[in-house]
There are 2 protein chains.
Amino acid sequence: MGSTIRDVARAAGVSASTVSRALSERGSVSGETRSRVIAAAERLDYRPNPTARGLITGRTGNLGLIVPDLLNPFFADVAKGLQSRARATGLSVFVADADEDPRLELEAVQSLTRQVDGLVLCSPRSDVAELVRHAATPVVLIHRRHPGLSSVTADVSGGTVKAVQNLRALGHTTIAYVDGPAASWVGGQRREGLREAVQATGVEVIHLGNFAGTFDGGFAAADLMLASPATAVLAYNDIVACGLLNRLAARGVRVPDDVSVVGYDDVTIAMMTYPPLTTVHLPRQSAARTAVDLLVAAIKDPDVAPREDVLATHLVVRASTGVPARR
Amino acid sequence: MGSTIRDVARAAGVSASTVSRALSERGSVSGETRSRVIAAAERLDYRPNPTARGLITGRTGNLGLIVPDLLNPFFADVAKGLQSRARATGLSVFVADADEDPRLELEAVQSLTRQVDGLVLCSPRSDVAELVRHAATPVVLIHRRHPGLSSVTADVSGGTVKAVQNLRALGHTTIAYVDGPAASWVGGQRREGLREAVQATGVEVIHLGNFAGTFDGGFAAADLMLASPATAVLAYNDIVACGLLNRLAARGVRVPDDVSVVGYDDVTIAMMTYPPLTTVHLPRQSAARTAVDLLVAAIKDPDVAPREDVLATHLVVRASTGVPARR
DNA sequence: GAAAGTTGCGGTACCGTTTCCACGATAGCT
DNA sequence: AGCTATCGTGGAAACGGTACCGCAACTTTC
């Protein structure tokens with residue numbers, strides 16, 4: 001089956017340690033010996049056993065990613081980006097879906113931490129300090145910040161300001177906001193952005209309250225929005241916006257003629273709605289890339305100072321926003 | 001940091017082998033000794049090092065999943081289902097996104113196979129025999145069949161028949177079909193189902209040709225569909241259907257009044273389109289569950305006979321299909 | 001030409017766990 | 001009482017690598 005380093009050593013007429021050195025490009029080996037070893041390894045189709053290597057080096061060559069829900073395209077995107085960057089770095093990645101359950105998040109940390117060199121926590125729902133206490137490896141956060149930890153976040157409040165400015169420029173003066181789960185960290189960021197935007201532009205913001213961050217959440221919020229004097233609505237994320245669009249269409253409200261809708265995230269389906277959704281673009285693939293890089297740095301040197309990267313956001317204007325009609 | 005089995009042994013006043021036996025419920029240990037060991041392990045927060053255990057047992061406790069594209073909600077769903085079932089079985093899962101690239105699929109097999117006890121290949125794009133040649137562990141296929149391998153597929157052709165029968169019952173006699181990539185295995189299944197359906201119902205099927213299995217593919221196909229005499233259209237999958245809906249809406253065609261649209265997969269966004277999409281439901285979470293179970297069986301006994309499970313499909317009728325208008 | 005440094009390689013000791021074997025003690029049998 | 005099972009336990013080997021040390025041969029230096 002799998003040939004071992006000793007098989008290669010025998011075939012090449014050298015010792016096991018020499019094979020190890022020759023193949024890992026470490027230590028000094030004569031060119032002639034090295035090529036003989038490489039030839040033998042090739043012939044036997046030898047691949048170092050990662051488990052055995054991991055035992056002695058303490059490195060697994062793996063990264064772990066914990067997300068609240070893979071079905072949310074936002075997290076799927078992060079997973080994809082992380083995967084791709086990890087592959088480029090020669091790492092494999094464990095993915096754990098915590099099903100929006102803080103308990104499962106902790107469980108995932110515990111079961112993964114021994115098998116990976118580093119952990120990426122994406123939008124964790126639970127207490128970060130608690131999670132980190134159970135992690136035996138470096139940790140990087142995505143879409144959440146925590147003192148003393150490296151993190152990659154997006155400038156959500158800046159994006160919010162841009163969105164509101166754009167709506168204001170179109171002529172909207174009263175804007176509804178559909179909030180998500182109250183505990184959400186990014187939710188806090190958005191509300192802060194809204195306060196800033198109100199100060200900067202003078203628009204009036206109507207908080208419609210907390211809804212689930214899902215299609216149904218948006219669906220439910222639509223009726224409240226229509227009952228309000230707002231001419232535009234900012235949704236917690238694109239999925240919520242999608243629910244809004246749907247309910248609005250069902251009620252015969254035209255978008256953007258009667259109501260303008262703006263989402264957050266710019267996930268794939270934001271382009272697929274009708275009309276295509278104006279949305280605040282949050283970088284995901286690049287966030288994932290950065291997260292891998294931060295992690296790799298922390299693995300190489302555990303004492304490296306944590307870094308809090310904030311990625312720029314921008315507004316993607318599509319067809320769901322326009323000049324408000326008189327109501 | 002992490003305490004070892006010897007630390008526990010010392011703390012409990014026994015040997016390392018006794019600790020191993022006590023904790024793994026294997027072999028004979030007196031009740032008194034066991035509880036002393038367990039107490040010591042608890043106190044030291046001892047967790048067996050999975051790497052070391054893996055080295056000696058040859059088991060990693062991990063599963064590998066290779067999908068073409070995590071952004072496709074279909075595959076994200078499979079990943080989620082697999083993950084959840086694996087967790088319930090005490091396994092962790094590696095996820096590899098091959099980016100629709102056969103070369104990356106092979107690479108993923110090679111880099112994962114030594115770190116897992118079993119591999120799940122979901123809709124592989126490449127030659128399955130070639131992939132399996134490089135796998136050192138049991139393999140289960142999802143959404144593809146291959147002689148000698150366990151697989152979990154959905155009865156796509158049966159679902160197709162149901163879809164066509166439904167359209168026929170509504171009064172459609174000419175149906176367009178938007179095909180996906182020519183090489184696709186499921187594509188073949190759908191075409192076969194179409195042939196069956198034509199025989200059974202006598203409808204006429206117009207093949208609009210091969211398109212990318214994406215939103216853009218559907219977008220592009222819409223114009224061809226409108227130029228044909230068909231009153232209903234079957235799309236390669238829900239995403240393609242979504243593209244169709246969009247282009248139809250943009251051209252002022254009403255769904256389902258002017259044209260009926262049917263998708264495949266029943267992914268989440270099928271509920272979120274306007275109008276909500278009638279679609280052939282393909283089980284994913286249960287496919288993933290079955291795949292884990294088949295794999296676990298194959299891991300326990302490598303000589304177990306391969307099983308080809310075919311899961312039932314059904315038509316989910318939503319608002320995108322209706323009685324055809326005279327054109 | 002001898003001392004010192006460099007290079008290439010083999011031997012050995014681990015990494016942390018499980019598994020196999022041996023051994024003493026206790027129990028059950030004739 | 002002696003002989004054989006059975007049970008509980010400790011010791012040692014093994015899994016497949018890498019790291020460290022030491023040694024021989026060769027090169028450099030004054």
Side-chain angles (χ1 to χ4, degrees), chain A residues 1-41 44-62 90 111 113-117 136-137 299, chain B residues 1-38 40-41 44-62 90 111 113-117 136-137 299-300:
Chain A
M1 189 101 184
S3 42
T4 78
I5 200 171
R6 280 170 243 275
D7 298 332
V8 178
R10 206 173 311 122
V14 297
S15 75
S17 20
T18 303
V19 174
S20 175
R21 273 184 303 245
L23 295 180
S24 59
E25 318 272 318
R26 203 186 338 275
S28 45
V29 179
S30 78
E32 200 264 335
T33 308
R34 160 167 297 142
S35 51
R36 210 167 64 232
V37 167
I38 290 179
L44 295 176
D45 192 31
Y46 167 74
R47 280 149 211 282
N49 179 327
T51 310
R53 169 182 287 169
L55 186 54
I56 181 79
T57 61
R59 295 278 171 81
T60 61
N62 300 326
S111 80
T113 196
R114 305 291 300 267
Q115 319 207 48
V116 300
D117 297 336
T137 57
I299 292 167
Chain B
M1 189 101 188
S3 43
T4 77
I5 200 171
R6 276 173 252 272
D7 298 332
V8 179
R10 205 172 313 121
V14 295
S15 74
S17 22
T18 302
V19 175
S20 174
R21 273 184 302 246
L23 295 180
S24 58
E25 316 272 317
R26 205 188 335 278
S28 45
V29 179
S30 78
E32 200 266 334
T33 308
R34 158 165 300 139
S35 51
R36 211 168 62 234
V37 168
I38 291 179
L44 296 176
D45 192 31
Y46 167 73
R47 278 149 214 280
N49 179 327
T51 310
R53 169 181 286 173
L55 185 55
I56 182 80
T57 61
R59 295 279 172 79
T60 61
N62 299 326
S111 81
T113 195
R114 304 290 300 267
Q115 319 206 48
V116 301
D117 297 336
T137 57
I299 292 167
K300 275 209 190 109

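Letters A, B, ... mirror the listed sequences (proteins, then strands); counts begin at 1. Computed from a predicted model, the values in this text were never measured in an experiment.
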Next item on the list: Assess whether side-chain hydrogen bond (donor to acceptor under 3.5 Å, both in side chains) is satisfied between A/T60 and A/D117, documenting all intermediate values.
Entry: CA-CA 6 Å; A/T60 61; A/D117 297 336; 3.1 Å; yes
Notebook entry, point to check: Could you state the CD1-P distance from A/I56 to D/dA19, rounded to the nearest angstrom?
Noted result: 7 Å
Next item on the list: Quickly work out the B/L55 CG to D/dT18 C1' distance and round it to whole Å.
Entry: 12 Å
Notebook entry, point to check: Under 4.0 angstrom, heavy atoms only, what part of the nucleic acid is A/T33 near: base, sugar-phosphate, or nothing?
Noted result: sugar-phosphate
Item checked: A/R47 side chain to A/G2 backbone, donor-acceptor under 3.5 Å -> no
Item checked: Integer-rounded Å distance: C/dC14 C1' and A/I5 CD1 -> 15 Å
Checklist line | Closest nucleotide among C/dC9, D/dG16, D/dG10 to the B/S15 side chain | finding: D/dG10
Item checked: Of the listed nucleotides C/dT18, C/dC9, C/dC21, the one nearest the side chain of B/R21 -> C/dC21
Check: What's the spacing between A/T51 OG1 and B/I56 CD1 if we round to 0.5 Å?
Finding: 12.0 Å
Check: To the side chain of B/A52, which of D/dT18, D/dG10, C/dT17 is closest?
Finding: C/dT17
Margin query: Is there a side-chain contact between A/T4 and the phosphate of D/dG16, meaning an N or O under 4.0 Å from OP1 or OP2?
Written below: no
Check: Would you say B/T57's side chain and B/R53's backbone share a donor-acceptor pair under 3.5 angstrom?
Finding: yes
Check: What nucleotide among D/dG10, C/dC9, C/dC15 has an atom nearest to a side-chain atom of A/T18?
Finding: C/dC9
Next item on the list: Round to a whole Å and report the spacing from CG of A/L23 to P of D/dT18.
Entry: 8 Å
Next item on the list: Quick one: label B/S28 by what it contacts on the DNA or RNA (base, sugar-phosphate, nothing), any heavy atom closer than 4.0 Å.
Entry: base
Checklist line | Between C1' of C/dT17 and CG of B/N49, the distance in whole Å | finding: 8 Å
Check: Within the distance-only criterion (no hydrogens, no angle test), does the side chain of A/R59 pair as donor or acceptor with the backbone N or O of A/G54 below 3.5 angstrom?
Finding: no
Note to self: Below the 4.0 Å mark, does C/dC9 have OP1 or OP2 next to a side-chain nitrogen or oxygen of A/S17?
What the structure shows: no
Next item on the list: Return the nearest nucleotide to the side chain of B/R6; candidates are C/dT17, D/dG8, D/dG17.
Entry: C/dT17
Notebook entry, point to check: To the nearest Å, how far apart are A/R10 CZ and C/dG11 C1'?
Noted result: 16 Å
Note to self: Which is more 5' along DNA chain D, the nucleotide nearest B/R114 or the one nearest B/V14? Just name the residue.
What the structure shows: B/V14
Notebook entry, point to check: Atom CG of B/D7 and atom P of C/dC15: how far apart are they, to the nearest Å?
Noted result: 11 Å
Note to self: Can you measure B/R34 atom CZ to D/dC7 atom P for me and round it to whole angstrom units?
What the structure shows: 14 Å
